[in-house]
Novice: 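This is the structure, below, for whatever I ask next.
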Amino acid sequence: MLEKYNFSEIEAKWQKHWEETKAFKVVEDPDKEKYYVLEMFPYPSGKLHMGHVRNYSIGDVIARFKKMKGYNVLHPMGYDAFGLPAENAAIKNNVEPAEWTWSNIEEMNRQLREMGLSYDWDREVATAHPSYYKWMQWIFIQFFKKGLAYKKENPVNWCPSCQTVLANEQVVDGCCERCGTLVGKKNLSQWYFKITDYAERLLDNLDTLDGWPNKVKIMQRNWIGKSHGAEVEFKIKDRDETLTVFTTRVDTIFGTTFMVLAPEYPTVLDMVEGTEYEAPVKEYIDRCAHMNEIERTSTTNEKTGVFIGQYAVNPFTGKSMPIYISDYVLMGYGTGAVMGVPAHDQRDFEFAKKFDLEIIPVIEPEDPEIDLNDLKEAFAAEGKVINSGEFNGLDNVDAIQKVAEAAEERGIGKKTINYRLRDWLISRQRYWGTPIPMIHCDACGWVPEKEENLPVMLPTDVEFTGKGESPLATSKTFIDTVCPVCGKPAKRELDTMDTFLDSSWYFLRYCDARNDEAVFDKDKVDYWMNVDQYIGGVEHAIMHLMYARFFQMALYDLGLVKDEEPFKNLLTQGMVIKDGAKMSKSLGNVVSPAEIIEKYGADTARLFILFAAPPERELDWSDKGVEGSYRFINRVYRAVYEYKEKFAEGAADFYEIKTEADKSMAYWMNYAIKKVTDDVGERFNFNTAISTIMEMVNEMYRYKEGDVNEALYGAAIKNLIIMLAPFVPHVTEEMWDHLGYEGSVHEQSWPSYDESALVKDTVEIVVQINGKIKEKINIPGDLSREEMEKIAMEDEKVKGLTEGKNVVKVIAVPNKLLNIVVK
RNA sequence: GCGGCUAUGGCGGAAUUGGCAGACGCGCUAGAUUUAGGUUCUAGUGUCAACCGACGUGGGGGUUCAAGUCCCUCUAGCCGCACCA
């Protein structure tokens, strides 16, 4: 150990040592309790950013702490390696996506190793590797066999100039990211997963996830969007056809004055065929179909629509009502048909105003200010039912039940539940993704590739023109194959999978990452799962976390895993910001981890990022703050160096308390152990854990200026190094080594504290009079309320302040406070 | 529009159960060391008053012996969803 803290030498030395000794390799051990800590794996962009550093620093502290607490800790890392950027690089710079990706992974591997993270690198996975996507394809086939995968036609974003399909993120303000042309729509037959079959379970299980932030659970609940309502049938006049609507407000059915269908409603064209309405209806449907994002969002307030020349009959009033089509009705939700109740629904109200339709109020507001005959907006609140025949006078909330029941009795409706959640569109017209292992045979239809033929390899003879529907179509070797069922010539699916599939089960593969016989060994997964602590950005609150939960549930139903939910506890870390804004190139406020590590070392970077804010909050980057963390490490380093030079060694475990200073030192040491154990182990408040260690160091600096009890001071030094080890792993290993202790500091048991050292002989209590602090007195610890009161009342100052006054009440909080209420 | 979160010194933040507001760090001020500066060490640092003390956690109100913490209300900012019938 050099006299001066040379972080670059120390960090390189220990990183090499850990690597060579495979210090963080783990295997299943039934005798030890396991702990699985997982950070969301990165997309290999090639460069680590501060968000990564924060994410992995948090995970690493937890992993190292749990290991010191005696757990068998699984702490893996890998790469979410498929995706669009690799393909863009191929088109722009003529690099193979594979080459681009593998070299980025290599670079990120190097940067991650520079941070000194305690990963078991033998479990590294990369989703773009055939050894991973082989099993991705296998899972897809199991889902397909279970009926969870199906094909359906769906519009995709289509750039007419580039002649290519665009992902949503390639559409910027409704225009093509590359050429700026307005993006249109094109229908393609695509693969879906039936995630809606799991809507109820995905929703119900949220209640069991106690270790998840409420915010995330609420976001998922909203996304699933369960709503109770009723379906009611409306006959179409003079036609042998009915319209079924979904409504949550069946109590307002007497106020229905028109009907609205989604433009895509399947029978609309039949209904207008050969009539004068055919042309305008077709024109409107066409306009909606070609509508891009700009047009859609700009029409938020202004309702549009077309009358289709037909009338529906209200089953309760017998009234006939005009049928319209309008884009404010969505085909994907409910039935695609809506009953228009302008008096009590704002959208219907706007539509009625625009087309001059009748407005019939059927709920009476309590507020006398509202004039039902001249509504300025829809009245959507609760009230008494009016103008509704036999239902008049009911509270509308009760009427919801009663009307639904009446409809049920008449055989024209039923209570139903609707979800906002849609099936998961998993097809991507992209090259750099897992090939969907399906084959289309003219005789047998869509059949999966034989499992023994997996993986269906991504072809390499693909041209990256950036044109066409699916890049795989440009391969001469890929498309033609034989039907796995009948053996006749057949064609492969040309789409690849959404990369969210790859990341929906990687946590399972980590449990048995090198298995080439099976997706994973069930015993191994049973041992390691569930993930005890998952850590990542809140931006994944909905999609990734919902998809992963869906996968786990589907795999549970297939008997492959033992639990329905994969992540027991979830920590969503806040963003790293600087100067009040998210770090971004355009703002020029990006601080790269590389430059910080270069200047101060990884230990300083880790310490600062953990100290500056609690993990779930935003973190304001401060260059000055980084210097402060660097200073603190130096302060510790100097103390340890000086200790070795100046004081006797060893005998650190037993010490005698001789002086007041000793007692205070022992108190601080034990208090710090207690507090840090709690902050790191129970609360994940790393910032306060670090500040407690700083206080302990301040106390040590004070202490070493007086008469030093070397055994006690040695114990403090030793515990200090151990407690700092999860935060700053390199420098602590160096100091540990320097002091001549055996083995690695990271192999040590987490220290326990001595309760008796925390008992103070005297405590300072606050004396309040009428809630105002008037005096602080020192009294022996653990006195009863009566004794406390007695001592306080004898205090000169308190006497003076209470003299001649009537003491109404005395509230005593032992060892803390006394409040004397006087009049 | 709906749902959610947040608001504490010059700054990041602490106060875990209603019980000393501002721990710890940054910054700033002074002193010591060194002396070219920096480093390091020590002390001070919410505001007003500068003697007692008074005020103070976005604003207003309330509950309580006691409120940053609980309740009501308003304001500002951030995030998510958004024509979901």
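Just so it is clear: chains get the letters A, B, ... in the order the sequence lines come, proteins before strands, and each one is counted from 1.
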Novice: Across all strands, who's sitting opposite B/G10 as a Watson-Crick or G-U wobble pair, both distances under 3.5 Å?
Specialist: B/C26
Novice: What closest approach, in Å, do A/F234 and A/A312 show between heavy atoms, and which atom pair accounts for it?
Specialist: CB-CB, 4.3 Å
Novice: Please classify the nucleic acid contact of A/V260 as base, sugar-phosphate, or nothing, using heavy-atom distances under 4.0 Å.
Specialist: nothing
Novice: Assign A/K774 to base, sugar-phosphate, or nothing according to its heavy-atom contacts below 4.0 angstrom with the strands shown.
Specialist: sugar-phosphate
Novice: Taking the six-membered ring of A/Y713 (Phe, Tyr or Trp), confirm whether the NZ or CZ of A/K704 is under 6.0 Å from its centre and within 45° of its axis.
Specialist: no
Novice: When all nucleic acid strands are considered with a 4.0 Å heavy-atom cut-off, which category describes A/S622: base, sugar-phosphate, or nothing?
Specialist: nothing
Novice: If we take the P atom in both B/C11 and B/G18, what is their distance in whole Å?
Specialist: 29 Å
Novice: Can you pull every protein N or O that's under 3.5 Å from an N or O on nucleotides 39-42 of chain B?
Specialist:
{"unit_1": "B/U40", "atom_1": "O3'", "unit_2": "A/R638", "atom_2": "NH2", "d": "3.1"}
{"unit_1": "B/C41", "atom_1": "OP1", "unit_2": "A/R635", "atom_2": "NH1", "d": "2.6"}
{"unit_1": "B/C41", "atom_1": "OP1", "unit_2": "A/R638", "atom_2": "NH2", "d": "3.3"}

Novice: In whole Å, what is the span from the CE atom of A/M696 to the P atom of B/G25?
Specialist: 15 Å
Novice: May I ask you to check if A/K644 and A/Y641 form a cation-pi contact, with NZ or CZ under 6.0 angstrom from the six-membered ring centre and within 45° of the axis?
Specialist: no
Novice: Tell me, do A/F349 and A/K376 make a side-chain contact under 4.5 Å, heavy atoms counted?
Specialist: no
Novice: Going by an N to O cut-off under 4.0 Å, is there a salt bridge joining A/D207 and A/R221?
Specialist: yes
Novice: Of the residues in residues 605-612 of chain A, which ones touch RNA chain B at a heavy-atom distance under 4.0 Å?
Specialist: A/F611, A/A612
Novice: Kindly give the heavy-atom pair with the smallest separation between A/V362 and A/G255, and that separation in Å.
Specialist: CG1-N, 3.5 Å
Novice: Measure NZ/A/K675 against P/B/A14 and give the value in whole Å, please.
Specialist: 10 Å
Novice: Tabulate protein N/O versus nucleotide N/O from nucleotides 3-11 of chain B, keeping only pairs under 3.5 Å, one per line.
Specialist:
none

Novice: I'd like the P distance from B/G62 over to B/A76, given in whole Å.
Specialist: 24 Å
Novice: What is the distance from CD1 of A/I777 to P of B/C20, rounded to the nearest Å?
Specialist: 16 Å
Novice: Does the pair A/K226/A/E200 count as a salt bridge with the N-to-O cut at 4.0 Å?
Specialist: yes
Novice: Would you please say whether a donor-acceptor pair under 3.5 Å links the side chains of A/S227 and A/Y333?
Specialist: yes
Novice: Can you tell me the pairing partner of B/G77 across any strand shown, Watson-Crick or G-U wobble, with both distances under 3.5 angstrom?
Specialist: B/C5
